[in-house]
Amino acid sequence: MLDTLPSTDGSGAASELVIDLGAIKRNYLDLKERLGGVECGAAVKADAYGTGVHQVGPALFEAGCRTFFVATVDEGITLRDVLPRARIAVLNGLLSGTEEVFPEHGLVPVINDLEQIARLRQMCVKADRALKAMLHIDTGMSRLGLTAEDMKWISDEPDVLSGPDWLYALSHLTTADNPDAPSNAAQLARFKEQLPRLQRRMKASLANSAGIFLGPDYHFNLARPGFALYGGRVKDGEPSPMAPVVKLSGRILQVRAVKAGDTVGYGGTHKVQKDGRIATVAVGYADGYLRSLSSQGVVYLGERRLPVVGRVSMDMLAVDVSDADRAEVYPGGFVELLGSRYTVNDAADAAGTIGYEILTGLGHRYTRRYIDAASGEA
Ligand SMILES: *Cc1c(COP(=O)(O)O)cnc(C)c1O
């Protein structure tokens, strides 16, 4: 399904973004299988990595996912509307001023420091019940979570964790996409060293997408994949084992003849070497097609690979279509900017970034179409 271009009739909207919910569900089930019996959650922060949490949340729930991770309280409230029965954890923690919101919307805070523990315990007293929470332990990211000193203090103060219903202790890997990085084993060791200091048995969670592929030692009781669900790669420099989820088709606005010596786009950075043809496509950096893909990106027309030439502008980019079949390149037609041939990961490599940034940057000027293809075959 992801291999076919949209038909040229229809809404008149410029370009089209297709999101394959079937592929997301297959990716979820694939990861779940790799986890054996361990629970598989899902990171759906940033609007499900740009793919649309209103559609993706229910698709994942249908596939069996029950524990969802968002970054902010607002994302949690949005997801709660979509998924009344899911467990929704808020990674950014329990900030002052949000005390009412968590119980009201049934959100689970991921507690990141000692002050938040105290805040949560007060909330439990006020509510007269054990509110659910998760506890984030830092093992090397130095971003969020309790430090080794905090953990030592906790182990010396028996009552610090009493009150709340602690679902999981979690930590986050810095370099899971590189299985050879010594930091993986080091973080694992630190996590295992900290868990007994909690003075109460807590289930544990360490693995993001790439962490699942590091093997069962990293699985604990719950995994929290994000990127892999959306087709992302799980090992640096290797093709993704997951099904591609997004396909971006750019609409051709104009096809023009260019002569040797002409320049294309802002700054005249691309100089035409021999007479040929340029297709102007209605996708630009304002649509999340990064400007760093200027003269770097690739598009597909059928099986033919064609280069993006010159600077990507705000609303448009230029493709050298000199080598393409004339009949296939016409105003109103489409070229494939992202898909199974040129993936989010490929575009990220060409742009000098990571696929996460490509996905979460996907714009909102496209017609968005959700499909639920039963298999990855076209
Ligand atoms: C974003 C995030 C994840 C998901 O990571 P992926 O690499 O996308 O699988 C898991 N855990 C935490 C704490 C996160 O912030």
Side-chain angles (χ1 to χ4, degrees), residues 24 27-28 30-32 34-35 38-51 53 56-57 60 65 67-73 75-76 79 87-94 107-113 116 133-146 167-179 181 183-184 187-188 190-191 203-215 218-236 238 240-243 245-246 343-345 348 353-362:
I24 293 180
N27 287 338
Y28 177 80
D30 176 319
L31 295 173
K32 193 174 152 75
R34 290 172 198 273
L35 284 163
V38 170
E39 186 187 351
C40 189
V44 294
K45 57 202 187 193
D47 199 26
Y49 289 45
T51 62
V53 78
V56 171
L60 286 167
C65 185
T67 304
F68 293 79
F69 289 85
V70 295
T72 68
V73 163
E75 288 178 351
L79 186 60
R87 175 171 286 159
I88 300 172
V90 177
L91 290 164
N92 284 7
L94 184 58
L107 304 177
V108 175
V110 178
I111 298 298
N112 289 315
D113 61 32
Q116 292 183 9
M134 300 188 193
L135 188 67
H136 193 159
I137 302 171
D138 181 43
T139 54
M141 186 71 105
S142 304
R143 191 172 69 167
L144 293 172
L146 302 179
L167 299 172
Y168 295 95
L170 65 86
S171 192
H172 195 40
L173 296 164
T174 66
T175 321
D177 52 359
N178 176 5
S183 60
N184 294 321
Q187 284 193 270
L188 178 63
R190 267 178 234 136
F191 193 44
K203 289 183 181 173
S205 172
L206 180 61
N208 64 337
S209 299
I212 294 172
F213 290 77
L214 294 177
Y218 291 80
H219 293 173
F220 293 90
N221 306 106
L222 169 74
R224 314 181 305 269
F227 194 41
L229 295 171
Y230 314 106
R233 70 163 59 122
V234 293
K235 272 190 198 138
D236 213 17
E238 281 188 24
S240 172
M242 315 309 294
V245 164
V246 299
T343 66
V344 163
N345 304 301
T353 182
I354 52 173
Y356 296 72
E357 192 176 26
I358 303 278
L359 275 180
T360 56
L362 286 171

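In each ligand, atom 1 is the first atom listed, and ligand 1 is the first ligand listed. Just so it is clear, the structure is predicted and the values come from calculations on it, not from any experiment.
- Judged purely by distance below 3.5 Å, without hydrogens or angles, the side chains of S183 and Q187 never pair a donor atom with an acceptor atom.
- No donor-acceptor pair closer than 3.5 Å links the side chain of D47 to the backbone N or O of Y49.
- Panel note: side chain E357, backbone A348; no donor-acceptor pair is recorded below 3.5 Å.
- For ligand 1, the protein residues within 4.0 angstrom (heavy atoms only) are A43, K45, Y49, L91, R143, H172, N208, S209, R224, P225, G226, F227, Y356.
- A donor-acceptor pair is defined here as one N or O able to donate and one able to accept, closer than 3.5 Å; no such pair exists between the side chain of D138 and the backbone of G145.
- With hydrogens and angles disregarded, a donor-acceptor distance shorter than 3.5 Å links the side chain of R233 to the backbone of E238.
- Expressed to the nearest 0.5 Å, how far CE of M134 lies from CZ of R224 amounts to 9.0 Å.
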